[in-house]
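What follows is a set of notes on a single structure, which appears directly below.
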Amino acid sequence: MSTHETEKSALSAPGTWRDPDSHFEVALTHPWYRMLLQMTDIMQRATVEFWAGRGVRAAFLPVTTGSISSPMGLGSDSLPVRVELEGVPTYLADSMQFLLEYGCRMWEQGCYYVMPSFRGEAPDSTHLCQFYHSEAELPGDMDSVMDTVEAYVRHLGQAYLEEMGPTIAEVAGDTAHIERLLALDAFPQVSFTQAVELLGDTPEYVGEVAEGARTLTRAGERALMDKFGEFVWLTHFDHLSVPFYQAYEPGDPSLARNGDLLFGVGETVGCGERHATADETRRALAEHQVPEEDYAWYLRMRELRPMQTSGFGLGVERFFLWLLKHDEIRDMQMLHRVNGRQINP
């Protein structure tokens, strides 16, 4: 049951994002936000529990950076948020993946965090200007990190089913989607090339950010989920359609060793394998038309400590959309934030 249907439960979203200035007054007593606080608490606890069982370290990292992970160049899928601190231009972190890679060189079993990410695009029903990211960087290749993502998503599903099953059923109509997740032995995988062949190379399903840089539209993601089920990996994108740091597919450098896990509204987890050496990274920077000097430290790290790692990021609010079978991500924020507008508190 969608929260936008005629029959609404007591836990229907009040839609206060439409009037951000009065949001906090409504949220103080509305059961939707009490529920949301419980959901964020479970996300934090279950994530800590999962990584502690694998010997992966939590990293406390800054929210400012000079090296954004979605630079303005080929393969960029987001706009950075630039600010000025005491006269020094900097960026609010779109991701701290690079510093998780740094942390992997201090703790070889890997590092993780749950922290805010900032994006410059206007919000809509599936995008937020500020959202929470559950990210990790681990030793190994793309296949190993995809296995870990599947285990993590199942772990989260189990935690929510155990602690909030009746509440989720009240909002979503049932918990069958969580039970289907827990019953999956492995998630189906389809390469980008295979997806285009299956769906058809039409503007409805396939877009292009630059020549040789195709992307799947939201309609394309939905059509793929309809064909393969609720959870499906979309892998091996055109390399020019992803950020420069994704590793090349051996034998075919036009493809990237990356994958998006589609469920709920579409892409909810993105993952990829990184270039292990400075030379491979330099090649990708040049091909993506990104100035090498902006990532000099990132190259130097690879010269000092070459290492094969892979990582992923799960959009917390998008996971919540799937969990509640909801269709408006702006209902998933405890406190609203929109670029270019002062909102209190």
Side-chain angles (χ1 to χ4, degrees), residues 3 9-17 20 23-61 63 93 95-96 100 110-118 128-136 148-175 177-179 181-182 261 263-265 268-269 312-337 343 345:
T3 55
S9 77
L11 278 175
S12 295
T16 52
W17 56 269
H23 159 78
F24 88 97
E25 296 179 3
V26 176
L28 278 174
T29 57
H30 200 286
W32 179 269
Y33 291 97
R34 183 181 179 89
M35 174 191 69
L36 194 57
L37 183 59
Q38 184 181 5
M39 291 169 64
T40 59
D41 176 66
I42 294 172
M43 173 62 67
Q44 183 71 25
R45 287 189 287 108
T47 297
V48 170
E49 178 185 64
F50 180 80
W51 292 120
R54 292 172 177 250
V56 178
R57 299 290 195 202
F60 283 11
L61 300 172
V63 296
S95 160
M96 273 297 164
L100 288 178
C111 296
Y112 78 96
Y113 62 67
V114 179
M115 66 180 284
S117 286
F118 303 84
L128 293 170
C129 298
Q130 296 182 31
F131 64 95
Y132 266 80
H133 234 156
S134 178
E135 294 196 71
T148 302
V149 167
E150 294 184 15
Y152 176 54
V153 172
R154 287 193 193 92
H155 181 83
L156 293 177
Q158 186 68 52
Y160 282 102
L161 188 62
E162 291 177 358
E163 295 197 43
M164 290 187 68
T167 301
I168 292 169
E170 182 179 347
V171 177
D174 56 43
T175 57
H177 56 307
I178 306 176
E179 292 157 9
L181 161 67
L182 299 179
L261 182 56
F263 63 100
V265 296
T268 301
V269 182
F312 75 87
L314 175 143
V316 171
E317 290 86 355
R318 285 190 180 177
F319 183 83
F320 289 172
L321 285 181
W322 168 78
L323 202 63
L324 298 176
K325 296 185 183 179
H326 198 58
D327 56 9
E328 176 53 74
I329 202 166
R330 286 168 288 195
D331 287 323
M332 299 296 124
Q333 285 186 301
M334 289 287 295
L335 294 168
H336 298 301
R337 291 295 182 266
I343 301 174

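In this chain, residues are counted from 1 in sequence order.
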Exercise for the section: Determine whether the side chains of Tyr113 and Ser134 contain a donor N or O and an acceptor N or O closer than 3.5 Å. Expected result: no

Fill in the blank from the handout: Between Arg54 and Ala151, the two heavy atoms sitting closest are NH2-CB, 3.4 Å

Practice task
Establish, from distance only, whether the side-chain atoms of Thr40 and Gln44 form a donor-acceptor pair under 3.5 Å.
Solution key: no

Problem - Identified side-chain contact (heavy atoms from CB on, under 4.5 Å) partner of Val171 from the options Met164, Lys325, Met35 - result: Met35

Practice task
Taking His326 for its side chain and Phe320 for its backbone only, find out whether a donor-acceptor pair lies under 3.5 Å.
Solution key: no

Problem - Separation of His177 NE2 from Leu161 CG (nearest 0.5 Å) - result: 9.5 Å

Practice task
Just jot down the side chain to side chain donor-acceptor pair (under 3.5 Å) partners of Thr16, sequence neighbours excluded, or say none.
Solution key: His23, Tyr33

Exercise for the section: Mark yes or no for whether His30, through its side chain, and Trp32, through its backbone, hold a donor-acceptor pair below 3.5 Å. Expected result: yes

Problem - Heavy-atom side-chain proximity of Glu150 to Arg154 below 4.5 angstrom - result: yes

Handout entry: Pairwise distance OG(Ser12) to CD(Glu170) - rounded to 0.5 angstrom
Key = 8.5 Å

Exercise for the section: Flag the pair Phe50 / Leu156 as yes when at least one side-chain heavy-atom distance between them is below 4.5 Å, and no otherwise. Expected result: no

Exercise for the section: Answer yes or no: does atom CZ of Arg45 have more than 12 heavy-atom neighbours from other residues, nucleotides or ligands under 6.0 Å? Expected result: yes

Handout entry: Ser117 side chain to Gln130 side chain, donor-acceptor N/O pair below 3.5 angstrom
Key = no

Problem - Side-chain heavy atoms of Tyr112 within contact of Arg57, under 4.5 Å - result: no

Handout entry: Chi angles and distances behind the side chain to side chain contact (heavy atoms under 4.5 Å, CB included) call for Val153, Phe319
Key = CA-CA 9 Å; Val153 172; Phe319 183 83; 4.3 Å; yes

Exercise for the section: State, yes or no, whether a side-chain contact exists between Met115 and His133 at a heavy-atom distance under 4.5 Å. Expected result: no

Practice task
Indicate yes or no for a side-chain donor-acceptor contact from Tyr160 to the backbone of Met39 under 3.5 Å, with no hydrogens or angles considered.
Solution key: yes

Problem - Shortest non-hydrogen contact between Ile42 and Ala159, atoms and distance - result: CG2-CB, 4.0 Å

Exercise for the section: State, with a plain yes or no, whether a side-chain heavy atom of Thr47 is found less than 4.5 Å away from one of Tyr152. Expected result: yes

Practice task
Kindly indicate, with the supporting measurements, whether the criterion side chain to side chain contact (heavy atoms under 4.5 Å, CB included) is fulfilled by Trp322 and Ile178.
Solution key: CA-CA 9 Å; Trp322 168 78; Ile178 306 176; 4.0 Å; yes

Exercise for the section: Apply the test side chain to side chain contact (heavy atoms under 4.5 Å, CB included) to residues Leu11 and Thr167: give CA-CA distance (whole Å), side-chain angles for both, the deciding distance (0.1 Å), then the verdict. Expected result: CA-CA 8 Å; Leu11 278 175; Thr167 301; 3.6 Å; yes

Problem - Short side-chain donor-acceptor distance under 3.5 Å, Tyr132 and Glu317 - result: no

Completion exercise
Smallest heavy-atom separation, Gly157 atom then Leu181 atom, equals CA-CD2, 4.1 Å

Handout entry: Any side-chain heavy-atom pair of Ile168 and Leu323 under 4.5 Å
Key = yes

Exercise for the section: Could you tell me whether the side chain of Leu321 reaches within less than 4.5 Å of the side chain of Phe263, counting heavy atoms only? Expected result: no

Practice task
List the atom of Leu61, the atom of Met96, and the distance in Å for their closest heavy-atom pair.
Solution key: CD1-CB, 3.8 Å

Practice task
Could you tell me which residues satisfy side chain to side chain donor-acceptor pair (under 3.5 Å) with Glu49, sequence neighbours excluded, listed by chain and number?
Solution key: His155

Problem - Considering all heavy atoms, the nearest Gly165-Thr175 contact - result: O-CG2, 3.5 Å

Practice task
Check whether any side-chain heavy atom of Leu324 sits under 4.5 Å from a side-chain heavy atom of Met332, and report yes or no.
Solution key: yes

Exercise for the section: Evaluate side chain to side chain contact (heavy atoms under 4.5 Å, CB included) for Glu328 paired with Trp17, printing each intermediate quantity in order. Expected result: CA-CA 10 Å; Glu328 176 53 74; Trp17 56 269; 3.5 Å; yes

